[in-house]
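Heads up: the structure comes next, in structure tokens.
In the text below, chain A, chain B and the rest are named by the order of the sequence lines, each starting its count at 1.
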Protein chains: 2
Amino acid sequence: MTDATAPSAAAQRGPYQNGIRRRQEIVESASRVFASYGFTSGSLRRIADEVGVTPAALTRHFGNKEGLLSAVLAKWDRDAQLRNTPGIRGLDYFIGLRDTLAYNQANRGLIELFLTLSAESTNADHPARDFIQGRYRHVVATGIQHLREARDAGETVGLDDEAISTEVRSVFATMDGLQLQWLLNPGIDLIGSFSHALAGYLERWTGRPYVLPPLAAGTD
Amino acid sequence: MTDATAPSAAAQRGPYQNGIRRRQEIVESASRVFASYGFTSGSLRRIADEVGVTPAALTRHFGNKEGLLSAVLAKWDRDAQLRNTPGIRGLDYFIGLRDTLAYNQANRGLIELFLTLSAESTNADHPARDFIQGRYRHVVATGIQHLREARDAGETVGLDDEAISTEVRSVFATMDGLQLQWLLNPGIDLIGSFSHALAGYLERWTGRPYVLPPLAAGTD
DNA sequence: GTCTATAAGAAGATAGAC
DNA sequence: GTCTATCTTCTTATAGAC
């Protein structure tokens, strides 16, 4: 396929334009396939068929299958960084987790990819194990930092460092577990259930009833 | 399925003794392999190698790979029934979840199997999907029943049916999420973290501080 | 850059010997 | 009951044409 469709203005006639777009297509397709079938069972052929090329084109672009997985994880990390809003701190960080959940619900593949790779990473020699472990460490560390900040600002009652660590882990556990339930049964109210549970955590931390502001619409 | 009846006293010299024992060995090995690699990626060859037979022997016993999975799930269900202690009701049921967690921690393969199959069952046509969905439905229904019983006995404050459903789902979500964290990082205090979170739920339900009795030793 | 063709191997499953 | 041998299909990866 020569693909000599010289596009008009925007597309420069530079030599690597199509290759870059093709790479993006492949990474997006690979994300879907790995999310659905896992890394081991998700085949290069299926990805290639989705994109409309042959498996040889994939190994050409990414060296081998693990190289493609690395590209998928790198993109995941990059996208997560972009969604990160640095202005939110302290207890507001946890309230903002509902927006994360809403985003995940609208992008089901993200949850599937995390869960599938986590399950596979149960094996010590899985290529994504370090990434998954590191990502969890980072998320928990961030949560701990924000809850400590809230405590130091006097917004909480009776939380020592150990309790903070446990509470943060429990919040993310509840979040992950509800996402798992939603994957298996999309009929459940994911946001509502988490909001309910989150209010419970906040009430315990602050020692007073907590009213959650409604979810901002259009979080897309 | 033939499902030969259990041999009465000592090993009768009946003709099927070795076959039955061999079946058990295969199912146990398959549970381990499916837990580690998933159903799709866990191969008959690996299971056969573990047991010390050829893949042909496996298909001979169970028809095909799905038949072997069915046997694994059936055994899982049977074992779960045996651990079920029918005397525990109401709020005590939730306190008893810590014992379940302790058992799971001592039998890591159980958690791996559930998580791996859940992740795979994300695909609508996975052979274990109905089983996993049904199992979750059953667990949630049981929890709802016990929490309602506690409410009707006047042990809780201000819980309508919808809140009960949400609370029960959140408890199991926290449990599953902590188990996932423990699989990825066995260094965390699984029982302690869950006990802490569980106390929070119980305090919210009963409206008063809740002191959890220590975990019974030797839950094996 | 993507293709066809192909290598080298592992998968599930079957047939028939013992 | 379990074996060996074999079938078909699918896997990742490479070589070379265009």
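Other residues, nucleotides and ligands contribute more than 12 heavy atoms inside 6.0 Å of the CD atom of B:Q133.
Look at A:D79 and A:R83 and you find no salt bridge, because none of the NZ, NE, NH1 or NH2 atoms lies under 4.0 Å from a carboxylate O.
Using the six-membered ring where Trp is involved, B:W76 and B:F114 have ring planes that are perpendicular, over 60° apart on the 30 and 60° scheme.
Residues A:D176 and A:Y136 bring a donor and an acceptor atom of their side chains to less than 3.5 Å of each other.
Rounding to whole angstrom units, CZ of residue B:R21 and P of D:dG1 are separated by 12 Å. The distance between atom CD1 of B:I47 and atom P of C:dA10, rounded to the nearest whole Å, is 17 Å. At whole-Å resolution of the value, CG in A:N64 and C1' in C:dA8 are 17 Å apart. Nucleotide C:dA13 holds its C1' atom 12 Å from the NZ atom of B:K65, rounded to whole Å. When the P atom of D:dT11 is taken as reference, atom CZ of A:F39 falls 14 Å away, rounded to whole Å. Straight-line distance from the CD1 atom of A:I26 to the P atom of C:dG1: 12 Å, rounded to whole Å. Put simply, CZ on B:F62 is 10 Å from P on D:dT2, counting in whole angstrom units. A:D49 has its CG atom 11 Å from the P atom of C:dC3, to the nearest Å.
Checked against salt bridge (charged side-chain N to carboxylate O under 4.0 Å, His left out), B:E28 has no partners two or more places apart in sequence or in another chain.
Nucleic acid contact class of A:G67 (heavy atoms, under 4.0 Å, all strands): none.
Here A:R45 does not reach the OP1 or OP2 of D:dC10: none of its side-chain N or O atoms lies under 4.0 Å away.
A donor-acceptor pair is defined here as one N or O able to donate and one able to accept, closer than 3.5 Å; no such pair exists between the side chain of A:N107 and the backbone of A:G109.
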side-chain contact (heavy atoms from CB on, under 4.5 Å), that's the test. Do B:V171 and B:L147 meet it? Break it down for me.
CA-CA 11 Å; B:V171 168; B:L147 189 46; over 6 Å; no
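Distance from the side chain of A:L44 is smallest for D:dA13 among the nucleotides D:dT11, D:dA13, C:dG12.
Less than 4.0 Å separates DNA chain D from at least one heavy atom of each of the following residues of residues 54-61 of chain A: A:A56, A:T59.
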